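First comes the structure, then the notes that go with it.
Since the structure is predicted, the reported quantities are computational estimates derived from the model, not experimental observations. Below, read A as the first sequence line, B as the second, and so on, with proteins coming before strands; counting in each chain starts at 1.
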Amino acid sequence: MELFLDNFANLDSLLRVYPLLLQGLELTALLSAVILPLAMAAGLAIAVLYSFHLAPLRAALLVYIDLLRSFPVLILLVLIFYGLPFVGVRLDNFTAVVLAMVLNNSGYYGEIFRAGIESVPKGQWEASRSTGLSALQTVFSVVLPQAVRSVVAPLASNSLELVKTTSVAALVALPELLRSARVAQEQTYNPTPLTAAAVIYFVLLWPAARWVARLERSFLGGRA
Amino acid sequence: VDRLVDNFFNVAILAQYWPTILAGFWVTLAVAAAIIVLGIGLGLALAVLRSFQLRPVNWLIVFYVDLFRTLPQLVVLVFLYFGLPYAGLTIGSFAATVIALGCVLSAFAAEAFWAAITAVPQGQWEASRSTGIPFLGTLVWVILPQAVRLAIPLLTNRTIAVTKGTALGTAVALPEILGQAGSVMAIAANPSPLTLAAALYLLLFVPLVVTSRWLEWRFAPHLR
């Protein structure tokens, strides 16, 4: 037991490395704050374009959504960060992570908003258009407010996943929380920083995870 | 355009290295299958265990579910692979990837199955018990068949998302598609292997994504 605590909850090691972990946490928060709104806006734009009932555009958007949902985010990241320099496009690791994750999540958010818009009855469109509102006004003032309400649960769930996924940035040497913990672990020859990073993730994200689970359950119509 | 073709669709390099990348494809397939079996199986078992309503057991299950639902996949994987050896427990990259992602999937599956079990109307329990079928028989023959149907739309996307996490195995030197493509890219100084890797991922996941779209439509009539 003592050996276990010494290894996984070593106070000395923690005191030495906690500034590093805090810096990592800051970068994780920054990544999330940059990626989340961009990806959501991109997904919303895709869904709104989809709702305009132009057959070729719709087909193209569905292909875009399904392609991006089929790529693991890591392969997008590797393609962008390690592949693009071969054709002269050199992005720093922060930009590469943002680009890969926005692309990937625009597919997820696009599909979520699309399903939400589809769930709004057609009569809402017709009624709105017949009062003289334009197509754009109809989408933004009549359809979307109803659409978003029906997809709150998947939106919240995907946003939580997005924040968690920023940890892949560690694999292109961006010193976010996980990467900082790995560096600290190698400096101190002790896995306590890894435990600390896991605890930080858990403590910060647990309330969100609970909330998402409650939303998903009420969506299913079961007992919350 | 020549530069693009030369770098991303270099036939000579692909011809030389495709067996290496194909070997990675089989590893990805094996890991993905193992993750799904472990994740769904364990998730169902946990949900069934939870329906016995034993308080201390339920607390443990809820903690397990919350823990693995909240931690990023990569954090769990890195902890297992780089942290556990300090406790004298060294596991291979295959086992680490399967256990880490299997545990994550099992947490989401347990939650989905449990939500589905509670969403089956109470009358089904009462009717079944009153015909003399014991608790376990009711659970297995009456409740679970309905619950599994309800859980499918909740589970498909999550299963795909977690299975895509196999690419994270590259962080622990698992020789899956991305890892193989990465090392070949380094040897050949050409990113064409990445294109092939991306194509293989599409081959693997596009059918799954399209099927999930169909399954959701089929099993979730309220979204139609």
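- Only the side chain of B:N7 comes within less than 4.5 Å of a heavy atom in chain A; its backbone stays farther off.
- Of all the heavy atoms in B:R213 and A:L62, the pair that sits closest is NH2-CD2, 3.5 Å.
- By number of non-hydrogen pairs under 4.5 angstrom with chain B, the leading residue of A:T192, A:L67, A:V212, A:N190 is A:N190.
- Contacts of A:L177 with chain B are absent, with no heavy-atom separation under 4.5 Å from either backbone or side chain.
- Looking at every heavy atom in both residues, B:A171 comes nearest to A:L171 through CB-CD2, 3.4 Å.
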In sequence, state the C-alpha distance, the side-chain angles, and the governing distance for A:Y108 and B:N157, and then conclude on side-chain contact (heavy atoms from CB on, under 4.5 Å). CA-CA 10 Å; A:Y108 286 122; B:N157 278 333; over 6 Å; no
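- Residue B:R69 comes nearest to A:K164 through the heavy atom pair O-NZ, 2.6 Å, listed as atom of the first residue, atom of the second, then distance.
- For residues 102-111 of chain B, a heavy-atom distance under 4.5 Å to chain A picks out B:F108, B:E111, given by residue number.
- Shortest non-hydrogen contact noted between B:P72 and A:S167 is CB-OG, 3.5 Å.
- By the salt bridge (charged side-chain N to carboxylate O under 4.0 Å, His left out) test, B:E126 pairs with no residue at all, sequence neighbours left out.
- When each of B:G182, B:A198, B:A181, B:G88 is scored by its heavy-atom pairs under 4.5 Å with chain A, the top score falls to B:A198.
- Contacts of A:L178 with chain B are made by side-chain atoms alone, with heavy-atom separations under 4.5 Å and no backbone atom involved.
- The two residues B:L71 and A:A198 have their closest heavy-atom pair at CD2-O, 3.3 Å.
- With a 4.5 angstrom heavy-atom cutoff, B:L168 touches chain A via backbone and side-chain atoms both.
- Between the side chain of B:K164 and the backbone N or O of A:L74, no donor-acceptor pair lies under 3.5 Å.
- Across all their heavy atoms, B:L67 and A:F202 have their closest contact at CA-CE1, 3.5 Å.
- The most heavy-atom pairs under 4.5 Å with chain B, out of A:L84, A:V87, A:L76, come from A:V87.
- Interface remark: B:L74 contributes backbone and side-chain atoms alike to the contact with chain A (heavy atom separation under 4.5 Å).
- Around the CZ atom of B:F9, the shell of radius 6.0 Å holds no more than 12 heavy atoms that belong to other residues, nucleotides or ligands.
- In this model, no donor atom of one side chain and acceptor atom of the other lie less than 3.5 Å apart for B:S212 and A:R69.
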Show your working on side-chain contact (heavy atoms from CB on, under 4.5 Å) between B:F8 and A:L79 and close with a plain yes or no. CA-CA 10 Å; B:F8 286 99; A:L79 265 173; 4.3 Å; yes
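- By the 6.0 Å contact criterion, CH2 on A:W206 is open, its count of non-hydrogen atoms from other residues, nucleotides or ligands being 12 or less.
- Interface remark: of the candidates B:A161, B:S192, B:A189, B:G165, B:A189 forms the most heavy-atom pairs closer than 4.5 Å to chain A.
- Contacts with chain A were tallied for B:I117, B:L4, B:N190, B:T195; B:N190 has the most, counting heavy-atom pairs under 4.5 Å.
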